[in-house]
There are 2 protein chains.
Amino acid sequence: MKIEDEIKQPAFKDNHQKALINLVFTTGWVQQQQSALFKGYGLTLPQFNILRILRGQHPKPATVNLLIDRMLDKTSNASRIVDKLEAKQLVTRTVCPSNRRAVDIRITEAGLELLQRLDAELETRRNGLQTLTDEEAAQLSNLLDKIRD
Amino acid sequence: MKIEDEIKQPAFKDNHQKALINLVFTTGWVQQQQSALFKGYGLTLPQFNILRILRGQHPKPATVNLLIDRMLDKTSNASRIVDKLEAKQLVTRTVCPSNRRAVDIRITEAGLELLQRLDAELETRRNGLQTLTDEEAAQLSNLLDKIRD
DNA sequence: GCACATTAAATGTATGTACATATATTTGCA
DNA sequence: TGCAAATATATGTACATACATTTAATGTGC
């Protein structure tokens, strides 16, 4: 559906305004698709993203700072997302021996297994952008980079 | 900065994954820019968006249902965002005479004046996508429409 | 006219976001 | 050495999101 119809706005001031609204709307749309998938596994989107970062580090631990560094949303509160994952026994938290201010966070076997089950489903969806060709995906990425210049 | 450096991930599996991560990251980036602007006026981003819809309706009233229909994030709780705006006397709420289940929401003079002050500042920023040409903005919009196909 | 479904909005609860502040540990340097 | 600054994380608060439930008003079929 065209963005004009999605939000019932017949016209936009210019292409910039239209692109901005489309950007926000479409990103929300994609994230909602993803969330719906994770929900069946008892995970939220940020919890999934943290788990994925921890798997990338495995078997090395990660600190909260490392998680924030790699997260897409830098201002979110990694501490409390880890709280939830710890309660579900998908991660462990231990004081870092070499720096007792820091905390070593590790993904558990249960966490790895959960991610593995999700991988299969995600693969079939090509990350939610399955309607784009390879070239279009690259083009989109370039335009997005230019926005942040 | 390229997306690889923004989130310290040296490579991506394919262009689709890279575009998806870039989409989420860049939209967050743009929204944070906007939020920073609104903060100086005591508004949050969703509050601003609701106010703008109400101005579009003015002097006709809007119902909560109409707000949800036009909001970018369909699942957010318009009722409670209106609560905050009402507390700041930027909108009024009255029971709709023709359907007493519904509520007529109107922007106040103070709300209109606040938006007018924000307009001037937003204009100079070209909606946060000022680094794109007109053609690139149109191209971006087309790619985003295709994602939702 | 009345029971029952439908509709509009509000409310409850869990989670997340944004930002300020607190607590504990480590570092650096006078 | 001692003490202030820096660092790592946790906590507090306000607001928003996501989704289920509740309350009140309206519409519909019998």
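Every value quoted in this text rests on a predicted model; they were computed, and no experiment measured them. Every chain is numbered from 1, with letters handed out A, B, ... down the list of sequences.
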B:Lys88 side-chain N/O to D:dC15 phosphate OP1/OP2 under 4.0 Å: no
Proximity to the side chain of A:Ala102 - top-ranked nucleotide from D:dC15, D:dT9, D:dC19: D:dT9
What's touching nucleotides 10-13 of chain C from the protein side, N or O pairs under 3.5 Å?
from	atom 1	to	atom 2	distance (Å)
C:dA10	OP1	B:Arg93	NH1	3.0
C:dA10	OP2	B:Ser79	OG	2.2
C:dA10	OP2	B:Arg93	NH1	3.3
C:dA10	O5'	B:Ser79	OG	3.4
C:dT11	O4	B:Asn77	ND2	3.3
C:dG12	N7	B:Arg80	NH1	3.1
C:dG12	O6	B:Arg80	NH2	2.3
C:dT13	O4	B:Arg80	NH2	3.3

Atom-pair distance (NZ on B:Lys84; P on D:dT13), nearest Å: 15 Å
For A:Gln89, all residues meeting side-chain hydrogen bond (donor to acceptor under 3.5 Å, both in side chains), sequence neighbours excluded: none
OP1 or OP2 of C:dG16 under 4.0 Å from side-chain N/O of A:Gln47: yes
Nearest-angstrom distance from the residue atom CG of A:Asn65 to P of D:dA6: 16 Å
Protein-nucleotide distance (A:Glu86, atom CD; C:dT15, atom C1'), rounded to Å: 17 Å
Under 3.5 Å: donor-acceptor pair, side chain of B:Thr63, backbone of B:Asp104: no
Phosphate OP1/OP2 of C:dG16 contacted by A:Thr44 side-chain N/O (<4.0 Å): yes
Residue mapping more 5' on DNA chain C - nearest nucleotide basis, B:Thr63 or B:Ala36: B:Thr63
Value in whole Å for how far the P atom of C:dA9 lies from CD1 of B:Ile81: 14 Å
Donor-acceptor side-chain pairing of B:Arg148 and A:Thr26 below 3.5 angstrom: yes
Rounded distance in Å - CG (A:Leu72) to P (C:dT17): 11 Å
Atom-pair distance (CD1 on A:Ile68; C1' on C:dC19), nearest Å: 13 Å
Salt bridge B:Lys88-B:Asp83, side-chain N to carboxylate O under 4.0 Å: no
Please produce a list of atom pairs where a protein N or O lies less than 3.5 Å from an N or O of nucleotides 23-26 of chain C.
from	atom 1	to	atom 2	distance (Å)
C:dT25	O2	A:Arg101	NH1	3.4
C:dT26	OP1	A:Arg100	N	3.2

Pairs meeting criterion salt bridge (Lys or Arg N to Asp or Glu O under 4.0 Å) with involvement of residues 30-42 of chain B, two or more places apart: none
Set of residues satisfying salt bridge (Lys or Arg N to Asp or Glu O under 4.0 Å) with respect to A:Arg100, sequence neighbours excluded: none
Close side-chain approach of A:Arg70 to A:Gln57, heavy-atom, < 4.5 Å: yes
Sugar-phosphate only, base, or nothing, as touched by B:Ser35 at under 4.0 Å among non-hydrogen atoms: nothing
Counterpart residues, salt bridge (Lys or Arg N to Asp or Glu O under 4.0 Å), relative to A:Glu4 (two or more places apart): A:Lys18
Side chains of B:Asn22 and A:Ser141, donor plus acceptor under 3.5 Å: yes
Atom-to-atom span, CD of A:Gln31 to P of D:dA16 - whole angstrom: 18 Å
Nearest-nucleotide comparison on DNA chain D, the residue closer to the 5′ end among B:Leu45 and A:Lys39: B:Leu45
Within 6.0 angstrom of B:Lys8 NZ, more than 12 heavy atoms from elsewhere: yes
Atom pair distance, as rounded to whole Å: CZ in A:Phe38 and C1' in D:dC19: 18 Å
